[in-house]
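Working notes for the structure below.
Atoms within each ligand, like the ligands themselves, are counted from 1 in listed order. Numbers here simply count residues along the sequence, with the first being 1.
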Amino acid sequence: MCDACGCDLKPEEHSHDSRVVEVHQSLLAANTAMAKKNRVHIEEMGAVAINMISSPGSGKTTLLEKTIEALGGSLRIGVIEGDIETDRDAERIRAKGVPVIQLTTGGACHLDAAQIHKGLHLLEKEEGGAQLDLLFIENVGNLVCPATFDLGEHHRLVLVSVPEGPDKPAKYPKAFHSSQVFIISKTDLLPYFDFPVEEAKAEALQLNPDLQVMALSATSGEGFEQWLDYLKEVCAH
Ligand SMILES: Nc1nc2c(ncn2[C@@H]2O[C@H](COP(=O)(O)OP(=O)(O)OP(=O)(O)O)[C@@H](O)[C@H]2O)c(=O)[nH]1
Ligand SMILES: [Mg+2]
């Protein structure tokens with residue numbers, strides 16, 4: 001038992017040094033300040049930015065591919081991809097003919113505002129990357145760390161795919177508290193999984209009543225119109 005705080009750890013196993021907390025707070029403050037600058041930079045590019053957060057494999061890149069196919073002719077779309085390793089997602093997006101930058105974090109579980117600052121300057125050098133209507137930022141796949149870091153986005157989008165199960169809003173509340181849009185993806189798989197859509201929606205709305213909730217399948221196209229309408233509306237403002 002630790003005499004200082006009464007917890008179960010031995011004194012040498014943890015710290016009561018308030019400087020540890022201060023360092024974390026100043027790192028977050030620096031990130032928030034850089035995110036503010038990024039938002040201005042993105043607006044100068046003419047764009048609205050959407051930060052996409054989800055578990056690995058819930059369909060972020062596929063949703064982007066299908067969105068570019070549907071709207072790439074009418075809206076100028078750019079993408080910043082975030083992954084721990086590889087430029088595979090950027091290659092998939094590049095094949096759709098829009099400007100894209102891959103950021104690799106080398107192990108970090110989220111993008112931060114300083115990386116986006118660099119990414120914006122690199123994107124501007126890509127053909128068609130300097131003036132955009134929509135900038136998508138695909139964050140590193142997980143529902144935990146990305147929720148803490150403002151990147152300078154205007155909208156935050158959290159996805160949960162049908163095979164992951166409906167309990168994610170309750171288990172990972174910060175991602176849902178801090179988002180404006182919640183997408184239930186891969187609805188073509190609903191016949192094969194136990195995913196009560198209305199219950200999942202209700203649970204998410206209980207956490208954040210302002211969430212805009214959509215259910216869609218990128219492969220079948222079901223529910224896609226609502227998503228495209230949302231994007232057009234976002235760009236019109
Ligand atoms: N059935 C079905 N499969 C989908 C759908 N969307 C994506 N997938 C599949 O899900 C897998 C993962 O899709 P991605 O788009 O790469 O997922 P991601 O979220 O970008 O993954 P990470 O970047 O690794 O986090 C792929 O095999 C896709 O073909 C969908 O609407 N329905
Ligand atoms: Mg991806």
Side-chain angles (χ1 to χ4, degrees), residues 49-72 77-112 115-116 119 123 134-149 151 153 155-166 168-169 171-172 174-176 179 181-197 200-201 213-231:
I50 299 180
N51 179 6
M52 303 170 81
I53 295 179
S54 84
S55 306
S58 54
K60 299 179 292 300
T61 311
T62 309
L63 180 62
L64 287 180
E65 291 173 312
K66 300 289 178 181
T67 302
I68 294 163
E69 282 172 18
L71 292 181
I77 298 175
V79 180
I80 295 180
E81 285 289 347
D83 272 303
I84 288 177
E85 296 288 352
T86 86
D87 61 356
R88 290 181 184 187
D89 281 1
E91 285 308 314
R92 287 170 60 184
I93 298 299
R94 191 165 289 120
K96 297 290 168 192
V98 302
V100 57
I101 289 298
Q102 178 79 51
L103 300 174
T104 46
T105 64
C109 54
H110 62 88
L111 291 170
D112 64 32
Q115 289 165 329
I116 296 300
L123 192 63
L134 257 180
L135 171 67
F136 288 104
I137 302 169
E138 179 178 340
N139 218 314
V140 179
N142 77 82
L143 283 170
V144 186
C145 325
T148 300
F149 290 82
L151 302 180
E153 72 268 25
H155 297 260
R156 189 174 285 187
L157 162 64
V158 59
L159 289 95
V160 173
S161 65
V162 164
E164 290 168 60
K168 298 301 168 286
K171 285 179 162 180
Y172 303 92
K174 190 159 188 178
F176 294 82
S179 291
V181 182
F182 169 33
I183 287 188
I184 297 169
S185 61
K186 307 193 188 181
T187 53
D188 57 296
L189 299 177
L190 280 170
Y192 313 105
F193 289 88
D194 184 14
F195 193 109
V197 172
K201 279 185 187 177
V213 188
M214 302 177 210
L216 59 80
S217 163
T219 48
S220 77
E222 178 193 9
F224 226 69
E225 276 310 309
Q226 192 190 356
W227 162 241
L228 297 181
D229 286 346
Y230 158 75
L231 293 176

Do the side chains of D188 and L190 get nearer than 4.5 Å, heavy atoms only?
-> no
Worked check of side chain to side chain contact (heavy atoms under 4.5 Å, CB included) between T104 and E81 | CA-CA 8 Å; T104 46; E81 285 289 347; over 6 Å; no
Is the distance between the Mg ion (ligand 2) and the nearest N/O/S atom of D89 smaller than 2.8 Å?
-> yes
Is a donor on one side and an acceptor on the other found under 3.5 Å between the side chain of K60 and the backbone of S55?
-> yes
Does E81 reach ligand 1, in the sense of a heavy atom lying below 4.0 Å from it?
-> no
Nearest-neighbour protein heavy atom for atom 16 (O) of ligand 1, which is reported as residue plus atom name and distance = R92 NH1, 2.9 Å
May I ask you to identify the nearest protein heavy atom to atom 1 (N) of ligand 1, giving residue, atom name and distance to one decimal place in Å?
-> D188 OD2, 2.9 Å
Return the residue, atom name and 0.1 Å-rounded distance of the protein heavy atom closest to atom 18 (P) of ligand 1.
-> K60 N, 3.5 Å
Pull out every atom of ligand 1 sitting under 4.0 Å from any heavy atom of G59, numbered as shown with elements.
-> 7 (C), 13 (O), 14 (P), 15 (O), 17 (O), 18 (P), 19 (O)
Does the N or O separation between L63 and ligand 1 drop below 3.5 Å for any pair?
-> no
Going by the order shown, which atoms of ligand 1 are within less than 4.0 Å of some heavy atom of L189?
-> 1 (N)
At a 4.0 Å threshold, what atoms of ligand 1 neighbour a non-hydrogen atom of S217?
-> 31 (O)
Going by the atom numbers of ligand 1, which of them fall below 4.0 Å from some non-hydrogen atom of T62?
-> 6 (N), 7 (C), 13 (O), 14 (P), 15 (O), 28 (C)
For T61, the option from K66, R88, E138 that meets side chain to side chain donor-acceptor pair (under 3.5 Å) = E138
Looking only at side chains, do D87 and Q102 share a donor and an acceptor under 3.5 Å apart?
-> no
Atom nearest to the Mg ion (ligand 2) - E138, N, O or S atoms considered = OE2
Can a donor-acceptor pair be found between the side chains of E222 and S217 at a distance below 3.5 Å?
-> no
Using a strict 4.0 Å cut-off to heavy atoms of A218, name the atoms of ligand 1 that fall inside it.
-> 31 (O)
Is there an N/O/S atom in D83 at a distance below 2.8 Å from the Mg ion (ligand 2)?
-> no
Taking atom 11 (C) of ligand 1 as the reference point, the nearest protein heavy atom with its distance = K186 NZ, 3.9 Å
Is the backbone of R92 close enough, under 3.5 Å, to the side chain of K96 for a donor and an acceptor to pair up by distance?
-> no
With heavy atoms only and a cut-off of under 4.0 Å, state how L159 meets ligand 1: side chain, backbone, both or neither.
-> neither
Is a donor on one side and an acceptor on the other found under 3.5 Å between the side chain of D112 and the backbone of Q115?
-> yes
Determine whether any heavy atom of E65 lies closer than 4.0 Å to an atom of ligand 1.
-> no
Within the stated cut-off of 2.8 Å, is an N/O/S atom of T62 closer than that to the Mg ion (ligand 2)?
-> no
If you have a sec, work out which protein heavy atom is nearest atom 21 (O) of ligand 1 and how many Å separate them, to one decimal?
-> G57 N, 2.9 Å
N/O donor-acceptor pair under 3.5 Å between N139 side chain and L111 backbone = yes
Under 4.0 Å from a heavy atom of S58: give me the atoms of ligand 1 that qualify, with their elements.
-> 17 (O), 19 (O)
CG on L63 to OG on S161, rounded to 0.5 Å | 12.0 Å
Do the side chains of V79 and D89 get nearer than 4.5 Å, heavy atoms only?
-> no
Output yes when a protein non-hydrogen atom is found under 4.0 Å of atom 26 (C) of ligand 1, and no otherwise.
-> no
With a 4.5 Å heavy-atom cut-off, do L231 and T67 have their side chains touching?
-> yes
